[in-house]
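Inspection log for the structure reproduced underneath, given as structure tokens.
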Amino acid sequence: DADARTVGLVASMWVHEQSMAWVASTFSVVAAIQVAQAHRQVSMLAPLLRGEPAVSGHPDTGSRSEPDEMLAVLDAVIAMGQGPSMWAGTEMTEALQQVQRFPVVGLATGDGSGIALELPYRQTTTLIQLGTTEPHPSLGNGLLVRCSLPGDAGPGPDWAAQKNHQELTELTRAHFLGSWVGSASFPTFVAFYPNLLARTGIGSLNIVLSTINRAMWVASRGRTGE
């Protein structure tokens with residue numbers, strides 16, 4: 001947030017009556033992971049950004065003398081990440097079969113290890129990729145999701161921050177559990193779902209549908225938001 005001169009971690013999910021149970025389960029774990037991640041990263045990020053940690057106490061009880069047990073959730077995430085990806089296999093192939101029936105999808109291929117599909121983006125296409133073979137550098141195995149836009153490479157971090165802000169203020173119907181990256185080979189939304197989230201009920205198909213909604217939202221307004 002350039003105006004407030006702050007850097008923060010943000011997550012959001014869309015929910016309706018039929019998805020209430022698994023969204024509540026998934027989002028509670030996401031929130032816990034995000035809090036734990038903030039605590040672990042702040043000592044590294046603050047000096048890099050020439051800033052100060054945004055520390056505050058509870059309005060009634062003040063600061064804690066001992067860390068909350070919730071902050072240990074990353075240890076569980078890392079431990080589960082040492083095993084094979086829990087997103088690979090039948091669930092991935094079944095998601096692929098469902099996606100191949102969607103009229104909006106121009107091409108969808110894959111197997112139990114991942115899916116790649118293309119959607120219309122004006123005169124060209126957006127590429128969506130789900131893969132289970134690229135582990136997170138600190139969280140281990142899981143599901144890596146990319147939504148890559150066509151066009152010139154590297155619009156930069158200001159573009160990515162703007163696109164993140166737009167996602168959080170507009171009707172996208174896409175879960176915001178990652179971030180736009182403006183310095184990749186192509187402008188890309190990147191999200192990583194650790195193995196622990198596979199137990200919350202979100203499912204590969206739900207992730208694909210959310211990413212398709214994101215691609216359609218971007219296509220409707222263009223890369224620069226016009």
Side-chain angles (χ1 to χ4, degrees), residues 1-14 30-31 33-35 37-38 40-54 104-107 114-139 142-194 197 207-226:
D1 187 329
D3 295 332
R5 296 182 62 81
T6 60
V7 176
L9 299 179
V10 181
S12 71
M13 295 187 71
W14 291 84
V30 167
I33 291 174
Q34 199 165 66
V35 172
Q37 192 174 24
R40 291 200 181 187
Q41 291 182 338
V42 67
S43 60
M44 174 189 69
L45 289 177
L48 286 175
L49 300 172
R50 299 179 183 178
E52 299 177 356
V104 70
V105 176
L107 175 68
I115 298 172
L117 57 111
E118 294 183 3
L119 283 83
Y121 184 96
R122 301 192 174 187
Q123 284 74 46
T124 179
T125 59
T126 295
L127 175 64
I128 294 175
Q129 297 167 289
L130 287 78
T132 61
T133 60
E134 297 179 63
H136 189 279
S138 59
L139 303 181
L143 176 65
L144 179 62
V145 181
R146 299 183 181 96
C147 178
S148 301
L149 307 182
D152 297 333
D158 290 340
W159 175 90
Q162 179 190 36
K163 193 61 66 178
N164 286 336
H165 178 73
Q166 289 172 351
E167 282 230 20
L168 294 166
T169 56
E170 297 185 12
L171 186 66
T172 66
R173 294 188 174 87
H175 303 309
F176 190 80
L177 302 177
S179 179
W180 284 98
V181 179
S183 57
S185 299
F186 298 95
T188 302
F189 186 91
V190 180
F192 183 81
Y193 296 79
L197 287 182
I207 294 173
V208 174
L209 293 175
S210 173
T211 310
I212 288 175
N213 285 341
R214 170 170 291 108
M216 294 176 65
W217 167 74
V218 177
S220 70
R221 69 188 334 282
R223 272 184 46 183
T224 57
E226 69 270 13

Non-neighbouring partners of [X] that pass side chain to side chain contact (heavy atoms under 4.5 Å, CB included), sequence neighbours left out:
X    : value
V35  : H39, M70, L71
S138 : H136
V42  : P53

**Request:** Any chance you could lay out the side chain to side chain contact (heavy atoms under 4.5 Å, CB included) test for R146 and E134, step after step, and finish with the verdict?
**Result:** CA-CA 12 Å; R146 299 183 181 96; E134 297 179 63; 3.1 Å; yes

To the nearest 0.5 Å, what is the distance between [atom1] on [X] and [atom2] on [Y]?
X    : Y    : atom1 : atom2 : result
I115 : L143 : CD1   : CG    : 8.5 Å
L139 : Q37  : CG    : CD    : 7.0 Å
R5   : L49  : CZ    : CG    : 10.5 Å
L144 : Y193 : CG    : OH    : 10.5 Å
L149 : T125 : CG    : OG1   : 10.5 Å

**Asked** Tell me, do Q166 and W217 make a side-chain contact under 4.5 Å, heavy atoms counted?
**Response** yes

By salt bridge (Lys or Arg N to Asp or Glu O under 4.0 Å), E170 pairs with (sequence neighbours left out) R221

Minimum heavy-atom distance [X]-[Y], with the two atoms named:
X    : Y    : result
F192 : P135 : CE1-C, 4.5 Å
Y121 : P150 : CD2-CG, 3.5 Å
A191 : L177 : CB-O, 3.4 Å
W180 : A160 : O-CB, 3.4 Å

CE (M13) with more than 12 external heavy atoms under 6.0 Å |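 For M13, atom CE is crowded (more than 12 foreign heavy atoms under 6.0 Å).
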
Show which side-chain atoms of residues 207-214 pair as donor or acceptor with protein atoms under 3.5 Å away, not counting sequence neighbours.
{"unit_1": "S210", "atom_1": "OG", "unit_2": "H175", "atom_2": "N", "d": "2.7"}
{"unit_1": "T211", "atom_1": "OG1", "unit_2": "I207", "atom_2": "O", "d": "2.8"}
{"unit_1": "N213", "atom_1": "ND2", "unit_2": "R173", "atom_2": "O", "d": "2.9"}
{"unit_1": "R214", "atom_1": "NE", "unit_2": "E167", "atom_2": "OE1", "d": "3.4"}
{"unit_1": "R214", "atom_1": "NE", "unit_2": "E167", "atom_2": "OE2", "d": "2.6"}
{"unit_1": "R214", "atom_1": "NH2", "unit_2": "E167", "atom_2": "OE1", "d": "3.1"}
{"unit_1": "R214", "atom_1": "NH2", "unit_2": "H175", "atom_2": "O", "d": "2.7"}

- Query: What residues form a side-chain hydrogen bond (donor to acceptor under 3.5 Å, both in side chains) with S179, not counting sequence neighbours?
  - Reply: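 side-chain hydrogen bond (donor to acceptor under 3.5 Å, both in side chains) list for S179, sorted by chain: N164.
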
- Go through the steps for V7 and L45 under the test side chain to side chain contact (heavy atoms under 4.5 Å, CB included), then give the verdict. CA-CA 9 Å; V7 176; L45 289 177; 5.5 Å; no

- Check for a donor-acceptor pair, side chain of Q34 on one end and backbone N or O of V10 on the other, with a separation under 3.5 Å. yes

Test side-chain contact (heavy atoms from CB on, under 4.5 Å), reference L117, set V105, L107, V104, T126, output is V105

